[in-house]
Trainee: 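Next up is a structure, given as structure tokens.
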Protein chains: 2
Amino acid sequence: MTVRHRRGDVVARAIAVLDERGLEDWSMRRLAADLGVRPSALYHHFPGKDALLAAVADELLARGRRPAEVVTWESELRLVCVELRDAMRSHRDAAEVIAAAHARGVGAQEPQRRMEAALLRAGADPDLARVGANTLLHFAFAHVADDPSDFTLGLGIVLDGLAARIDVR
Amino acid sequence: MTVRHRRGDVVARAIAVLDERGLEDWSMRRLAADLGVRPSALYHHFPGKDALLAAVADELLARGRRPAEVVTWESELRLVCVELRDAMRSHRDAAEVIAAAHARGVGAQEPQRRMEAALLRAGADPDLARVGANTLLHFAFAHVADDPSDFTLGLGIVLDGLAARIDVR
DNA sequence: ACCTGAACACCGTTCAAGT
DNA sequence: ACCTGAACACCGTTCAAGT
């Protein structure tokens, strides 16, 4: 008699193990044990550890999305950054998981695309939109641990710099 | 007959192994083999892997420092960011090593302190100096892989935002 | 001061085979 | 579709002992 899971079960349990143990102590073997399954069984659902953690990152971001009515481009950028920040604070070591997936180009790509699009709509030229989105994204990555007020202050600094460059053209 | 090394030899060889194999394949055991020594010998020089890699990070930053005559606070901040960027590009995976050491609070603390001091001298209040230094530091971390022109553009965005907040007070 | 020898408690991944 | 069993090639770290 064997235990049987679906892909979604595995991701959900992976997040639970993350909360219980932290990323440092997260392993394919630990997750398998937690699921009551042999390590090799995980490779039926995912090609490897990186892919599994990328799926975790995407799931955390998806959970954090909220329907939004957005008026100005600045408020849209703020919203994406705050959503991202909240996703990164939603579970233990979520920030590392999301940043790592993004760095490998294997997940967590959506926030960047949304911000780049918003900047283009605002009238930024393609270079500025790309660099600006990247700057904001990494700003959010870097300041997960800050006070909300520090986060807002830093975000304002970057947005002011962007606004100055958009108005000038 | 045994091979004998000093702390500095170990760090230098650690950097060489990083260049040859990359961080992914860097291990205490691999470094030990490279030095012609048993893994346990490394624990005579360093308490563990994290401490050894923190020493690597500090060495890479120290190598990248150049004597500078600086006039404006903006040019000083630019200089620190460029030095940091250069250190992060000086060897394979140097960026990850430096960022990880900084994140653990175990090394690579100097650039941040220099930038905070520069901002204070420029007349920023303590909160702005702290947050600004952090923002710039993580900006540099985040944009190692960018074109020099993208790096300069993004840096300008952040510096403009800072300048606006310093002038206003 | 610097190193060996030997062990402990782990890893990620592969693959033939089972149901 | 999902899992087992068994193996391969690794990890970081500790510690008594050697020179």
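Here is the naming used below: chain letters follow the sequence lines, and residue numbers restart at 1 for every chain.
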Trainee: Could you let me know what D:dC2 is paired to, Watson-Crick or G-U wobble, both distances under 3.5 Å, or none if it's on its own?
Mentor: C:dG18
Trainee: Starting from P on D:dC11, measure out to CZ on B:Arg38 and report it in whole angstrom.
Mentor: 14 Å
Trainee: Check the distance between C:dA1's P and B:Leu42's CG and give it to me in whole angstrom.
Mentor: 18 Å
Trainee: Which heavy atom in B:Val3 sits nearest to a heavy atom in B:Val37, and how many Å separate them?
Mentor: O-CG2, 4.1 Å
Trainee: Can you give one letter per nucleotide of nucleotides 13-19 of chain C, going 5' to 3': B for a protein heavy atom under 4.0 Å from the base, S for sugar-phosphate only, - for none?
Mentor: BBB----
Trainee: When both hydrogen-bonding distances must be under 3.5 Å and the geometry is Watson-Crick or G-U wobble, what is D:dA7 paired with, if anything?
Mentor: C:dT13
Trainee: Under the criterion side chain to side chain contact (heavy atoms under 4.5 Å, CB included), I'd like the reasoning laid out for A:Arg21 against A:Ser27: C-alpha separation, chi angles, the key distance, then a yes or no.
Mentor: CA-CA 10 Å; A:Arg21 311 279 195 168; A:Ser27 68; over 6 Å; no
Trainee: In whole angstrom, give the distance that lies between atom CH2 of A:Trp26 and atom P of C:dC11.
Mentor: 11 Å
Trainee: Below 4.0 angstrom from OP1 or OP2 of C:dC3, is there any side-chain N or O of B:His45?
Mentor: yes
Trainee: Under 4.0 Å from OP1 or OP2 of D:dC3: is there any side-chain N or O of A:His5 that close?
Mentor: yes
Trainee: Given A:Glu20, which of A:Arg30, A:Arg13, A:Arg92 fulfils the salt bridge (charged side-chain N to carboxylate O under 4.0 Å, His left out) condition?
Mentor: A:Arg13
Trainee: Return the value, rounded to whole Å, for the distance between atom CD of A:Glu24 and atom P of C:dC11.
Mentor: 12 Å
Trainee: Provide the distance between the two P atoms, one in D:dA9 and one in C:dA9, to the nearest whole Å.
Mentor: 23 Å
Trainee: Heavy atoms from C-beta onward define the side chain here; which of D:dC11, D:dT4, D:dC2 lies closest to that of B:Ser27?
Mentor: D:dC11
Trainee: Rounding to a whole Å, what distance do you find between A:Arg30:CZ and C:dG12:C1'?
Mentor: 15 Å
Trainee: Quick test of your reading of the model: are B:Glu59 and B:Arg63 salt-bridged, counting only N-O distances below 4.0 Å?
Mentor: yes
Trainee: Would you say that A:Leu136 contacts A:Val80 through its side chain, given a criterion of any heavy-atom pair below 4.5 Å between the two side chains?
Mentor: no
Trainee: List the residues meeting side chain to side chain contact (heavy atoms under 4.5 Å, CB included) with A:Phe141, not counting sequence neighbours, and say none if there are none.
Mentor: A:Leu84, A:Met88, A:Ile98, A:Ala99, A:His102, A:Leu137, A:His138
Trainee: What is the distance, rounded to the nearest whole Å, between atom CG of B:Leu35 and atom P of C:dT4?
Mentor: 10 Å
Trainee: Answer whether the closest heavy-atom distance between the side chains of B:Leu128 and A:Ile157 falls below 4.5 Å.
Mentor: yes
